[in-house]
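In what follows, every heavy atom counts, from backbone to side chain, and hydrogens, waters and symmetry copies are set aside. A note on names: the letters A, B, ... follow the listed sequences, proteins ahead of strands, and every chain is numbered from 1.
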2 protein chains.
Amino acid sequence: MNTLAEENYLKAILNISFNTNKKVSTNEISNVLKTSPASVTDMLKKLLEKKLVEYEKYKGVELSNSGKQYAINILRKHRLWETFLVEHLGFNWSEVHEIAEELEHIKSTKLIDKLDAFLGYPKFDPHGEPIPNKEGVIPNVKSTSLDQMEVGFAGHVLGVTIDDKLFLDYLTKLNIKIGTKIEIIQKIDFDKSLIVRIENIQNHISFDVAKNILIKNN
Amino acid sequence: MNTLAEENYLKAILNISFNTNKKVSTNEISNVLKTSPASVTDMLKKLLEKKLVEYEKYKGVELSNSGKQYAINILRKHRLWETFLVEHLGFNWSEVHEIAEELEHIKSTKLIDKLDAFLGYPKFDPHGEPIPNKEGVIPNVKSTSLDQMEVGFAGHVLGVTIDDKLFLDYLTKLNIKIGTKIEIIQKIDFDKSLIVRIENIQNHISFDVAKNILIKNN
DNA sequence: AAATAAATTTAGTTATGTCTAAAAATTTTT
DNA sequence: AAAAATTTTTAGACATAACTAAATTTATTT
Ligand SMILES: [Mn+2]
Ligand SMILES: [Mn+2]
Ligand SMILES: [Mn+2]
Ligand SMILES: [Mn+2]
């Protein structure tokens, strides 16, 4: 078995590579985990030793097959727990990430399979993020981030790509949740911000916000 | 906040003092936690520093008020999670202790309060052990261990005092669960073992087994 | 193609929590 | 009340996972 710190590194590498499709750099990992680059280097050596990553110094890192399977399983646990917290315990979507950061490290496979069954084998978590199944297969839904849509576009929110509390509380204040209809009224070239209509109320949102909102891809 | 190791020591001290009502010795703790006596001494110094225990060297240890509250809260979390696992995920009573050993360290107070509500504020866990409430009050039920009852006694199982897998699986094989009616047919003086009738089947159980079965106290 | 800047690694340190072996204190036996 | 046995503590070591500061490598400018 791997330690909690090792699991957090594996998950961080997986999450970063979902976005970039390149080898992951030491600095990217240190930013995500809020540790020093030197600590990251130390850990990468250990993960290499365990054959959970492919790593050459100064060249970046990627997960090995076994490392990837392991990381996906942590992601599965994270998202199933988030689903439980929202659906059954009545948490709102901005509160669950932090708690799931702890719950995802509970080891029992039987527990997570029974939880999965209890939840009815959900395919998406409360943020619209896909939940890997027992075999590690991640449901694939074609989606585009809101910032890439054109003026005049109207569609429904499929999910978000980060589950940071500040971000989600802000969305809630804007009346945006999964399924909300959003229309793009105008795009500001200068800062790439958007003027949008949400439930018939007009609002101005930044590029950074739009980038993290996913829209169904027809 | 305290570390996982500190929490385990606090809980161990609480559990031991439930049985003995005396100051807890270094060796008792090392037996429960399967660590060396030297490690226990190290940790007791740290807990003393944090004022979670009262401790003088060579004199044994007891929990301070704050240490006791803290330990009771871990016990509360342990037993609520065990209840969830049995009642909602379909685990049997012998499987849940090990998993709850991990779940009891999840920090969020809001989580445990919502779980408590979800479960309907249970007073006893799947082993018949009392669940402390939010204020740290432990339901008090008068009970006696089976070994203390006389020949001719007949009554119902209220709970067990350990939740070791081997013990619980053995009870299940004997057809003993919470509520099961047990009659004492005979007591063997030599080894204090008992011949009992369980659901109309006669069986011979050791003193060690009888000692850990609780019977309602009229 | 140097020079400069940025990213990464190495070296050395620290805190936690464990261990074994040896020393010291306490308890039990004679 | 000594001696012996047991318990507990101390001393010294080790693994994990972090850090800062310095050195090295790679990337970017000039
Ligand atoms: Mn999350
Ligand atoms: Mn999520
Ligand atoms: Mn238990
Ligand atoms: Mn229990």
Side-chain angles (χ1 to χ4, degrees), chain A residues 1-14 16-17 19-63 67 70-71 74 101-102 104-105 107, chain B residues 1-14 16-17 19-63 67 70-71 74 101-102 104-105 107:
Chain A
M1 261 320 92
N2 303 302
T3 67
L4 190 135
E6 288 166 348
E7 292 190 346
N8 283 332
Y9 276 90
L10 291 175
K11 191 175 58 127
I13 296 167
L14 181 68
I16 295 166
S17 52
N19 299 326
T20 61
N21 301 312
K22 288 189 293 213
K23 283 195 182 172
V24 173
S25 76
T26 300
N27 264 3
E28 285 172 308
I29 297 170
S30 85
N31 286 335
V32 169
L33 296 181
K34 281 121 176 50
T35 57
S36 70
S39 302
V40 174
T41 301
D42 284 347
M43 182 56 88
L44 292 182
K45 285 179 192 164
K46 201 193 306 178
L47 295 175
L48 178 64
E49 201 62 43
K50 290 190 166 197
K51 302 198 167 158
L52 292 163
V53 299
E54 280 155 34
Y55 166 62
E56 274 182 284
K57 46 165 153 162
Y58 296 106
K59 300 279 173 63
V61 68
E62 57 190 327
L63 295 170
Y70 197 99
I74 298 166
E101 283 295 312
E102 294 183 57
E104 71 190 3
H105 301 289
K107 301 209 158 24
Chain B
M1 262 319 91
N2 304 302
T3 66
L4 190 135
E6 287 166 349
E7 292 189 346
N8 284 332
Y9 276 91
L10 291 174
K11 191 174 57 127
I13 296 168
L14 181 68
I16 295 166
S17 52
N19 299 328
T20 63
N21 301 309
K22 287 188 293 211
K23 283 194 182 174
V24 174
S25 76
T26 300
N27 264 2
E28 285 173 308
I29 298 170
S30 84
N31 286 335
V32 169
L33 296 181
K34 283 121 174 51
T35 56
S36 71
S39 302
V40 174
T41 301
D42 285 347
M43 183 56 89
L44 292 182
K45 285 180 192 164
K46 201 194 305 179
L47 295 175
L48 178 64
E49 200 63 44
K50 290 190 166 196
K51 302 199 166 155
L52 292 163
V53 299
E54 279 155 34
Y55 166 63
E56 275 181 283
K57 51 164 146 160
Y58 295 107
K59 300 280 173 63
V61 69
E62 57 191 327
L63 296 171
Y70 198 100
I74 298 166
E101 283 295 312
E102 294 182 57
E104 71 191 4
H105 301 290
K107 304 216 155 23

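Of the candidate nucleotides dT18(C), dC19(C), dT8(C), dC19(C) has the atom lying nearest to any side-chain atom of Ala38(B). Comparing atom distances between the Ser39(B) side chain and each of dA24(C), dT18(C), dC19(D) picks out dT18(C) as nearest. Here the nucleotide nearest the side chain of Ala5(B), chosen from dT26(C), dT8(C), dT18(C), is dT18(C). Of all nucleotides listed (dT20(D), dT10(C), dT9(C)), dT10(C) comes nearest to the side chain of Lys45(A).
In terms of heavy-atom proximity, Leu33(B) sits nearest to Asn8(B) at CD2-O, 3.9 Å. Closest approach of Val53(B) and Leu44(B) over heavy atoms only: CG2-O, 4.1 Å.
Rounded to whole Å, the distance from CE on Met43(B) to C1' on dC19(C) is 14 Å. Look at NZ on Lys59(A): it is 18 Å from P on dT24(D), rounded to the nearest Å. Glu6(B) places its CD atom 9 Å from the C1' atom of dT16(C), with the value rounded to the nearest Å. Spacing between atom CG of Asn27(B) and atom P of dA5(D) amounts to 18 Å, rounded to whole angstrom units. If you measure from atom CG of Leu44(A) to atom C1' of dA7(C), you get 13 Å, rounded to the nearest angstrom. For Lys57(A) and dA23(D), the NZ to P distance is 16 Å, given to the nearest whole Å. Nucleotide dC14(D) holds its C1' atom 13 Å from the CG atom of Asp42(B), rounded to whole Å. Remark: P of dT16(D) and CD of Glu49(A) are 11 Å apart, rounded to the nearest angstrom.
Counting any heavy atom pair closer than 4.0 Å across all strands shown, Thr41(A) reaches a base atom.
Contact between the side-chain N/O atoms of Tyr9(A) and the OP1/OP2 oxygens of dA18(D) is found at a separation under 4.0 Å. Residue Thr3(A) places none of its side-chain N or O atoms closer than 4.0 Å to OP1 or OP2 of dT16(D). The side chain of Tyr58(A) places no N or O atom within less than 4.0 Å of a non-bridging phosphate oxygen (OP1 or OP2) of dA6(C). The phosphate of dC19(D) has OP1 or OP2 within less than 4.0 Å of a side-chain N or O from Ser36(A). For the pair Ser25(B) and dT7(D), the criterion of a side-chain N or O lying under 4.0 Å from OP1 or OP2 is not met. The side chain of Tyr55(B) contributes no N or O atom lying less than 4.0 Å from OP1 or OP2 of dT8(D).
Within a 6.0 Å sphere centred on NZ of Lys22(A), other residues, nucleotides and ligands contribute 12 heavy atoms or fewer. Counting heavy atoms of neighbouring residues, nucleotides and ligands inside a 6.0 Å radius, atom NZ of Lys50(B) exceeds 12 of them.
Distance check, rounded to the nearest 0.5 Å: NE2 of His105(A) to CD1 of Ile74(A) gives 6.5 Å.
Taking for each of Pro37(B) and Thr35(A) the nucleotide of DNA chain D with the nearest heavy atom, the 5'-most of the two is the partner of Pro37(B).
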